[in-house]
S.K.: 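Handing you a structure now.
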Amino acid sequence: MNTESYYQKVFDLTRLIPKGRITTYGAMASYLALGSARMVGWALNKSFVGHSVPAHRVVNRKGELSGRNHFPNPELMQQLLESEGIEVEDNRVINFKDLFWDPGEELDIDL
DNA sequence: GGATTGACGTCTG
DNA sequence: GCAGACGCCAATC
């Protein structure tokens, strides 16, 4: 059973995001049955406190780097995404729909 | 203890 | 199709 807090699940799921892929708050919230995408954002906000989580791979429904402002450096998030081969323009992921990773398809990594 | 905010999403107009 | 309002649940002030 999961004695961990709901954000612990978010941390784990966020770490499972394959490199070069991104996901949305709503997808994670739906998969983890949190009830609201805001809970995911809340969890990731604490993720920086003693938790190394690739939160830069998590964007909103619009593929927008909404949380970049909460990073140590706003440009860090975009830089990390570009470093993984993700194209980012105007704080938004270009091939967002193509790079979108669904929590239920975590086995669809490779290729 | 109450009110507001918060890395969002969906519905209605 | 775009804009605005409401809803979610938890944490912080």
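Note that the coordinates shown come from a computational prediction; the quantities given were computed from them, not determined experimentally.
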S.K.: Considering every strand and a 4.0 Å limit on heavy-atom distances, what is the contact class for Ala29(A): base, sugar-phosphate, or nothing?
M.R.: nothing
S.K.: How many whole angstroms separate atom CE of Met39(A) from atom P of dT5(B)?
M.R.: 16 Å
S.K.: Arg61(A) CZ to dC11(B) C1': how many Å, rounded?
M.R.: 14 Å
S.K.: Output the rounded distance in Å from NZ (Lys46(A)) to C1' (dG6(B)).
M.R.: 14 Å
S.K.: Is the phosphate of dC8(B) approached by Ser66(A) (side-chain N or O, under 4.0 Å from OP1 or OP2)?
M.R.: yes
S.K.: Just by distance, with hydrogens left out, do His56(A) and Glu84(A) show a side-chain donor and acceptor under 3.5 Å apart?
M.R.: yes
S.K.: Between P on dC8(B) and OH on Tyr6(A), what's the gap in Å once rounded to a whole number?
M.R.: 13 Å
S.K.: Output the rounded distance in Å from CG (Asn45(A)) to C1' (dT12(C)).
M.R.: 11 Å
S.K.: Just the rounded figure in Å: distance from C1' of dC8(C) to CG of Leu34(A).
M.R.: 11 Å
S.K.: Take the protein atom NZ of Lys62(A) and the nucleotide atom P of dC8(B), then report the distance between them rounded to whole Å.
M.R.: 8 Å
S.K.: If you count every heavy atom of other residues, nucleotides or ligands that lies below 6.0 Å from Glu64(A) atom CD, does the total exceed 12?
M.R.: yes
S.K.: Pick one: which of Lys19(A), Met77(A), Arg15(A) meets side chain to side chain contact (heavy atoms under 4.5 Å, CB included) with Arg57(A)?
M.R.: Lys19(A)
S.K.: Pick base, sugar-phosphate or nothing for Asn60(A), based on heavy-atom distances below 4.0 Å to the nucleic acid.
M.R.: sugar-phosphate
S.K.: Round to the nearest Å and state the distance from Lys9(A) atom NZ to dC9(C) atom C1'.
M.R.: 14 Å
S.K.: Whether the side chain of Arg38(A) and the base of dC9(C) hold a donor-acceptor pair under 3.5 Å is what I'd like checked.
M.R.: no
S.K.: Given 3.5 Å as the limit, does a donor-acceptor pair link the side chain of Thr14(A) with the main chain of Val10(A), or not?
M.R.: yes
